[in-house]
2 protein chains.
Amino acid sequence: MRELLKNIQIRVNERIYLKDPESSDLGRSIINHSIKLIHELGIESFTFKKLAFALNTTESTVYRYFENKHNLLLYILSWYWGWLEYEIVLSTMNISDPTDRIQKTIEAISDPLKNELVHNYVDLKGLHEIVIAESPKSFLTKEVDLENEIGFFVNYKRICDRIVKNIQEINSEYPYSKTLALTIIQCANQHRFFASHFPNLTNISSEGKELHAFLSDLVLKTIQNNK
Amino acid sequence: MRELLKNIQIRVNERIYLKDPESSDLGRSIINHSIKLIHELGIESFTFKKLAFALNTTESTVYRYFENKHNLLLYILSWYWGWLEYEIVLSTMNISDPTDRIQKTIEAISDPLKNELVHNYVDLKGLHEIVIAESPKSFLTKEVDLENEIGFFVNYKRICDRIVKNIQEINSEYPYSKTLALTIIQCANQHRFFASHFPNLTNISSEGKELHAFLSDLVLKTIQNNK
DNA sequence: TAATAAACGATAGTAATACTCTTAATAATA
DNA sequence: TATTATTAAGAGTATTACTATCGTTTATTA
């Protein structure tokens, strides 16, 4: 079953790119090398010139696929959220108890790579670290409202919606289901960063193994039905 | 009592700046105008050139105070955390019940400006919005470990420590006090951003008035002592 | 298989950014 | 009044983030 995921096509809003990178070898290579380089250099030091050099091509070629590096970042993040949704769907499939299901979802979000997943051309581990270190920069901009309107964040929002529904199944009276859903996703990534760089500020170890326990406990205690 | 805060000197790690901006009118003016401009333009579009223009001076003058705009951002954020600590200390003073105290602390973090605070030369409202929109960028960098070692984030860490101690007073057995403390601070700012730009993803309104209720409920339910 | 269109590589060029350096003018202090 | 520190003004550099042009290659289709 998981074999299927290897080749699955993740849908990304087509206004993020100028030319679909999935439509050519070069395009896939751009994504592939972008993940490697952004992971290595950070988005600030990453440039299309460096990317072009790594690809043995020129800046102008890269610009034919993406308007700028911000959109390229949006693309790979959106791809990640799309991919993660598949992961969540697969891992919660056939689980009828909503509490069990939210546990599985939290697990998928906090440790998405535990299943030794391999993807055809995407380095999922590098991508996950980009999500941890760079994703807030994708929306903390002055252009966020515009980009949101165009639909650049739909893949992320779909995951939120899923969790919200799951929370409401467990306790339909809990008034902050949306806020709590956001908290789960954001905390999972954030605490991984803190675990790596500010170990004194957290009880999560650098491998992040306690993340699931922390979040499950937090969520379940918060939405349990006793007032 | 709050009058005292108007003139209080907030201590900021001296390696963040080249020349202490508190030491001259020009320095204070740099901070003052930086807050205005970063708030207005966002840190990406903010430049020392624009700042110098607003100050009626030149880039080289600004460079005598700060090595680069990243350090300037670190300065004003560090100043904010220093200031917020005073706020927390004042608002929890003489409150002996730790549960009451954490409530007050959460209130100070989620709505730091409710007391119509005025500061001598710092635009606290603008500053708070910078914290919301830009603070993750201050540590999500490749230089974070180095900067952390130098002590650029101590003001932030001190607030975390306070909350951790407060949590432990309420329940000394709760194993994730540090992680929860971080969660409170990070969520408070994050959810304000989402409330403004992704209203569909949260139950918090744009004024953020539900933030305190959400966080209090979350924290107290999580650390309550029944297993 | 030839014609035609699309994609790509190579090169040049521009405005802005993020600085550094030097020198002259002004203000503070001894 | 002399000395020192501080600031203003200007020039200069490497890099970034693009845009534009133009052949050449590759793919499509007639």
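In what follows, chains are A, B, ... by sequence order, proteins preceding strands, each numbered from 1. What you see below is based on every heavy atom in this structure, not just the backbone, and it leaves out hydrogens, waters and symmetry mates.
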When A:Phe198 is tested against each of B:Phe153, B:Phe152, B:Tyr156 for ring-ring contact (aromatic ring centres under 6.0 Å, His included), which residue passes?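 Only one of B:Phe153, B:Phe152, B:Tyr156 forms a ring-ring contact (aromatic ring centres under 6.0 Å, His included) with A:Phe198, namely B:Phe153.
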Salt bridge (charged side-chain N to carboxylate O under 4.0 Å, His left out): pairs with one or both residues in [range], sequence neighbours excluded:
| range | answer |
| --- | --- |
| residues 19-29 of chain A | A:Asp25-A:Arg28 |
| residues 125-144 of chain A | A:Glu44-A:Lys137, A:Lys125-A:Glu129, A:Glu134-A:Lys137 |
| residues 184-204 of chain B | B:Asp111-B:Arg192 |
| residues 56-65 of chain B | none |

Residues within residues 59-71 of chain A bordering DNA chain D, heavy-atom distance below 4.0 Å: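 Only A:Glu59, A:Ser60, A:Tyr63, A:Glu67, A:Asn68, A:Lys69 qualify.
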Those residues of residues 21-44 of chain A lying under 4.0 Å from DNA chain D by at least one heavy atom: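 Correct list: empty, so none.
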Nucleotide interval of DNA chain D bounded by contacts with chain B (heavy-atom cut-off, under 4.0 Å):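 The footprint of chain B covers D:dT6 to D:dG10.
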Go through the structure and list residues passing side chain to side chain contact (heavy atoms under 4.5 Å, CB included) with B:Leu41, not counting sequence neighbours.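 Only B:Leu37, B:Ser45, B:Lys50 meet the side chain to side chain contact (heavy atoms under 4.5 Å, CB included) criterion with B:Leu41.
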Those residues that, when tested against A:Phe53, pass side chain to side chain contact (heavy atoms under 4.5 Å, CB included) (two or more places apart):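 Partners of A:Phe53 by the side chain to side chain contact (heavy atoms under 4.5 Å, CB included) criterion come out as none, since no residue qualifies.
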Which atom names give the shortest non-hydrogen contact between A:Leu72 and A:Ser34, and what distance separates them?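 The answer is CD2-OG, 3.3 Å.
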Show the numbers, then the answer: is there a side chain to side chain contact (heavy atoms under 4.5 Å, CB included) between B:Trp79 and B:Leu127? CA-CA 10 Å; B:Trp79 193 96; B:Leu127 179 53; 3.6 Å; yes
Side chain A:His197, main chain A:Phe193, donor-acceptor under 3.5 Å: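 No.
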Taking any atom closer than 4.0 angstrom to a non-hydrogen atom of chain B, what span of DNA chain C does the protein reach, first nucleotide to last?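 Answer, 5' to 3': C:dT17 to C:dC21.
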For B:Asp123, enumerate each residue passing the salt bridge (charged side-chain N to carboxylate O under 4.0 Å, His left out) test, keeping only those at least two apart in sequence or located in another chain.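 Partners of B:Asp123 under the salt bridge (charged side-chain N to carboxylate O under 4.0 Å, His left out) test: none.
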What pairs with A:Lys209 under salt bridge (charged side-chain N to carboxylate O under 4.0 Å, His left out), at least two apart in sequence or on another chain?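 Result, salt bridge (charged side-chain N to carboxylate O under 4.0 Å, His left out) vs A:Lys209: A:Glu207.
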What's A:Thr57 touching, base or sugar-phosphate or nothing? Going by heavy atoms closer than 4.0 Å.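 Counting heavy atoms under 4.0 Å across all strands, the contact made by A:Thr57 is with sugar-phosphate only.
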